[in-house]
Amino acid sequence: MSDSKNARTREAKAAARAKAAELLAQQRRRERRNRVLLWSGVGVAVILVGGVVGGVIVANANAAGKAPAAAGSSSAPTSASGAESSPPWAAPADPGARAKAAGLTMLSSEGTVEHIHSHLSVTVDGKTVKVPALLGIDEANAQISPLHTHDETGIVHVESPVKTTFTLGQVFTEWNVALAAGRIGSYSSASGDTVTTFVDGKPITGDPAAITLADHEDIDIVVTKSGETATAPAAFSWPAGY
């Protein structure tokens, strides 16, 4: 009986260890999928350092009671600052500096007060240019901009601790790609190209950097040779959960 009891005990412990391992594996899969910024392996940290904005703390708030910096200006930049280079356009190596250039403050975790998603696509001569993952995300320093991408789907996440306006120009500034009326990167009339911007399938005029991001908004930038007709891609099919 004693041997049988010991065997059952060993089996129960083994089952408990297996269950714990599976729970840990599930947690790690969720972390990889959502790229949630974690501290000490126990979920998203809300670090109490002086002032709460919408239930989260800006990373650089201090313990002296100083109010944390706002995640974005109440008057979002309506222009973009970026390189006039040719694609592919990778995510910059300095996401914090690019976020600052866009008038944004890096956070310790994603905000929840303003939470919307827009979709961005770029097409050059009929070929899709990837919008990179990890725009606005600094994995090395465990910081995230309220305006960011997680993957290469083109879904732009706005997850801010304050309710404010965000623009397409801020996305391109974080991306470090030039964007203006008639220009994206190295493409413009000077290069013999036409740059057309569509919002929800309709062409717009003026500076696309001034476009205000809205929930489930479909923004398509299409580059064609001068004289060719630009057409908007098919509407984006939003995944479940968005």
Side-chain angles (χ1 to χ4, degrees), residues 29-37 71-72 76-77 79-107 109-111 115-160 166-180 183-188 193 195 197-199 208-209 211 213-223 232-234 236-239 241-242:
R29 287 195 293 270
R30 287 194 297 271
E31 291 168 6
R32 288 194 298 269
R33 183 175 63 247
N34 298 323
R35 295 194 183 275
V36 179
L37 305 176
S79 61
S81 171
E84 295 182 1
S85 58
S86 301
W89 298 309
D94 53 351
R98 297 312 305 170
K100 183 178 180 180
L104 301 168
T105 300
M106 298 296 277
L107 309 170
S109 61
E110 295 165 321
H115 188 186
I116 63 174
H117 303 93
S118 300
H119 182 260
L120 170 64
S121 78
V122 179
T123 306
V124 176
D125 295 333
K127 297 180 180 179
T128 299
V129 176
K130 285 185 178 180
V131 178
L134 303 183
L135 291 179
I137 296 179
D138 185 345
E139 291 186 309
N141 294 304
Q143 292 184 321
I144 188 167
S145 165
L147 182 60
H148 56 269
T149 65
H150 287 291
D151 49 38
E152 296 180 344
T153 60
I155 296 175
V156 177
H157 298 247
V158 171
E159 291 167 285
S160 168
F166 296 87
T167 64
L168 186 62
Q170 290 176 298
V171 177
F172 275 80
T173 297
E174 286 194 323
W175 195 0
N176 194 23
V177 176
L179 182 70
R183 171 177 292 280
I184 179 173
S186 62
Y187 302 104
S188 68
D193 298 293
V195 180
T197 303
F198 297 88
V199 175
I211 294 172
L213 302 183
D215 199 30
H216 282 203
E217 183 179 49
D218 212 353
I219 304 171
D220 303 297
I221 299 177
V222 179
V223 179
F236 181 65
S237 180
W238 288 91
Y242 287 92

Supply the atom-to-atom distance [X] [atom1] to [Y] [atom2], rounded to the nearest 0.5 angstrom.
X	Y	atom1	atom2	value
D138	L107	CG	CG	12.0 Å
T105	I144	OG1	CD1	13.5 Å
H148	Q143	NE2	CD	13.5 Å
H150	L135	NE2	CG	11.0 Å

Do you know which two heavy atoms are closest between [X] and [Y], and how far apart they sit?
X	Y	result
A99	E174	CB-OE2, 3.6 Å
G82	N176	CA-OD1, 3.4 Å
A80	G169	CB-O, 3.6 Å
W175	P92	O-CG, 3.5 Å
I137	P95	O-CG, 3.5 Å

With sequence neighbours left out, write down each residue that passes side-chain contact (heavy atoms from CB on, under 4.5 Å) with [X], or none if nothing qualifies.
X	answer
P233	S121, T123, D220, V222
S118	L213, E217
P208	L168, L179, T197, I211
S186	S86

Under the side chain to side chain donor-acceptor pair (under 3.5 Å) test, residues paired with [X] that sit two or more places apart:
X	result
T128	none
H115	H117, E159
E84	none

Residues which pass salt bridge (charged side-chain N to carboxylate O under 4.0 Å, His left out) with D218, listed by chain and number, not counting sequence neighbours: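 With sequence neighbours excluded, D218 shows a salt bridge (charged side-chain N to carboxylate O under 4.0 Å, His left out) to no residue whatsoever.
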For K100, give me all partners under salt bridge (charged side-chain N to carboxylate O under 4.0 Å, His left out), at least two apart in sequence or on another chain.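 With neighbours one apart ignored, the set is empty.
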Side-chain ([X]) to main-chain ([Y]) donor-acceptor, under 3.5 angstrom:
X	Y	value
T149	L134	yes
R98	T173	yes
Q170	T167	yes

Residues forming a ring-ring contact (aromatic ring centres under 6.0 Å, His included) with F236, sequence neighbours excluded: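 F236 satisfies ring-ring contact (aromatic ring centres under 6.0 Å, His included) with H119, W238 once adjacent residues are dropped.
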Non-neighbouring partners of Y187 that pass ring-ring contact (aromatic ring centres under 6.0 Å, His included), sequence neighbours left out: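 Listed in chain order: nothing, the list is empty.
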Can you tell if the side chain of I221 reaches within under 4.5 Å of the side chain of F172, non-hydrogen atoms only?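 Yes, side chains in contact.
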Is the shortest heavy-atom distance from the side chain of V122 to the side chain of W89 under 4.5 Å?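 In short, these two side chains touch, coming nearer than 4.5 Å.
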